[in-house]
Structure formats: C-alpha cells, structure tokens
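Notes to accompany the following structure.
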Amino acid sequence: MLTAERLQDIALELPGTERGTAWGQPVVKVGKTSLYFWNPKWGPVFGMDFDTRDFWIEADPETFFTTDHHRNYPCVLARPERVAEDWVRQRLRDNWLRLAPKKLLKAVRGI
C-alpha cells in the first residue's frame, strides 16, 4: 500500500526536488510547485489535465476517482491501497517534466 512517506521517497528520487508543505501536509516540490498532494482523508492527489483524469477514472474506477471538492481541479485521486507504484512513478515523472524550471530541465536532459 502506498503511504505518504513512500510517495515522498519516490518523488525525492527526481532531480532538483525538495521537501515542502502545502495546506499543512508534506509534499515534494520542484521549483516552487508541488508534484502531488497527500489528502489525509483520501490519499494521493496527482495533477493532470481533465481529459487524462477522466480517462483514468473510466479505465479503473476502483483505483482512481474525484470528489465534489476536486471535480473542478485538474487532478485525480488514487486509492493508496490499490494504486501501483509504477503508475505513481510515471505520474510523478510526467509532473516533474511539466513543472520543472527550464534551467533544471536543460541540466538534466534525458530523464
């Protein structure tokens, strides 16, 4: 099962990341932006566009979902007891590529 600590460890493997907080919860940031958020009630929240979120919810509704609160935000929630670590790694990498400062991206070509 994915825990907040394990998610943080995986995210910290990415270049230029550091620990931070968002809404009082621990996160990992690249630059000034969080790669994910851990909702204490629901588990991990991953940013992505609405179409991608809808795809994951339709493809595997037992693992991925949204809430009334999150519905208007471009993100998906994942059930920590069901989400695969490989999926988590790929989402973190995708978010890192999307959010990392250009200078860092240039310095780390090839990841």
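Fair warning: this is a prediction, and the values are worked out from it, not measured in the lab. Side chains included, hydrogens not; waters and symmetry mates left out as well; all remaining heavy atoms used.
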(message) Count I, L, V, M, F, W, Y as connected when their side-chain heavy atoms are under 4.5 Å apart, and connections chain through other members. Are Y73 and V76 then in the same cluster?
(response) no

(message) I need the N39 CG to K41 NZ distance, nearest 0.5 Å.
(response) 8.0 Å

(request) Answer yes or no: does atom CZ of F50 have more than 12 heavy-atom neighbours from other residues, nucleotides or ligands under 6.0 Å? (result) yes

(request) Rounded to the nearest 0.5 Å, what's the gap from OG1 on T17 to CG on L92? Could you check? (result) 9.5 Å

(message) Quick check: closest heavy atoms across R98 and G47, and the distance to 0.1 Å?
(response) NH2-O, 3.6 Å

(request) Would you check if the side chain of R19 reaches a backbone N or O of K29 as a donor-acceptor pair within less than 3.5 Å? (result) no

(request) Kindly write out the residues that satisfy ring-ring contact (aromatic ring centres under 6.0 Å, His included) with F65, not counting sequence neighbours, or none if the list is empty. (result) W42

(message) Nearest 0.5 angstrom please: D94 CG to L35 CG, how far?
(response) 11.0 Å

(message) Distance to the ring centre below 6.0 angstrom and angle to the axis at most 45 degrees; does that hold for R91 and W87?
(response) yes

(message) Are the side chains of W56 and M48 in contact, using a 4.5 Å heavy-atom criterion?
(response) yes

(message) Let me confirm one number: the CG-OG1 distance from L99 to T33, rounded to the nearest 0.5 Å.
(response) 5.5 Å

(message) For V27 versus S34, what's the shortest heavy-atom pair and its separation?
(response) CG2-OG, 3.4 Å

(request) Determine, using the 4.5 Å side-chain heavy-atom cutoff (strictly less than), whether V108 and I10 are members of one ILVMFWY cluster. (result) yes

(message) Could you see if W96 belongs to whatever hydrophobic cluster contains L2? Use Ile, Leu, Val, Met, Phe, Trp, Tyr and a side-chain cutoff under 4.5 Å.
(response) yes

(message) Between T66 and R53, is the side chain to side chain contact (heavy atoms under 4.5 Å, CB included) condition met? List the steps.
(response) CA-CA 9 Å; T66 190; R53 176 195 64 193; 3.9 Å; yes

(message) If you apply the rule side chain to side chain contact (heavy atoms under 4.5 Å, CB included), what do you find for Y36 with V28, and how did you get there?
(response) CA-CA 7 Å; Y36 65 87; V28 172; 3.6 Å; yes

(message) Do L77 and F46 land in one hydrophobic cluster if side-chain heavy atoms of ILVMFWY residues count as linked below 4.5 Å?
(response) no

(request) Test Q8 against E5 for side chain to side chain contact (heavy atoms under 4.5 Å, CB included), laying out the working first. (result) CA-CA 5 Å; Q8 186 176 61; E5 294 78 18; 5.6 Å; no

(message) Counting only heavy atoms from other residues, nucleotides and ligands, does the tally under 6.0 Å from CD of E81 exceed 12?
(response) yes

(request) Return the minimal non-hydrogen interatomic distance between G31 and E18, and the atom names on each side. (result) O-OE2, 4.5 Å

(message) Could you check whether D86 pairs with R89 (Lys NZ or Arg NE/NH1/NH2 to Asp/Glu carboxylate O, under 4.0 Å)?
(response) no

(message) Measuring from atom CG of L14 to atom CG of L104, what distance do you get when rounded to the nearest 0.5 angstrom?
(response) 9.5 Å

(message) side chain to side chain contact (heavy atoms under 4.5 Å, CB included), that's the test. Do H70 and V45 meet it? Break it down for me.
(response) CA-CA 9 Å; H70 294 92; V45 181; 4.3 Å; yes

(request) Side-chain contact test, heavy atoms from C-beta onward, threshold under 4.5 Å: evaluate it for P101 versus V30 and give yes or no. (result) yes

(message) Show the nearest heavy-atom pair for residues L105 and A100, with the distance to one decimal.
(response) CD1-O, 3.6 Å

(request) State, with a plain yes or no, whether a side-chain heavy atom of R82 is found less than 4.5 Å away from one of M1. (result) no

(message) Would you say F37 ends up clustered with V88 if hydrophobic residues are merged whenever their side chains have heavy atoms under 4.5 Å apart, either directly or through other cluster members?
(response) no

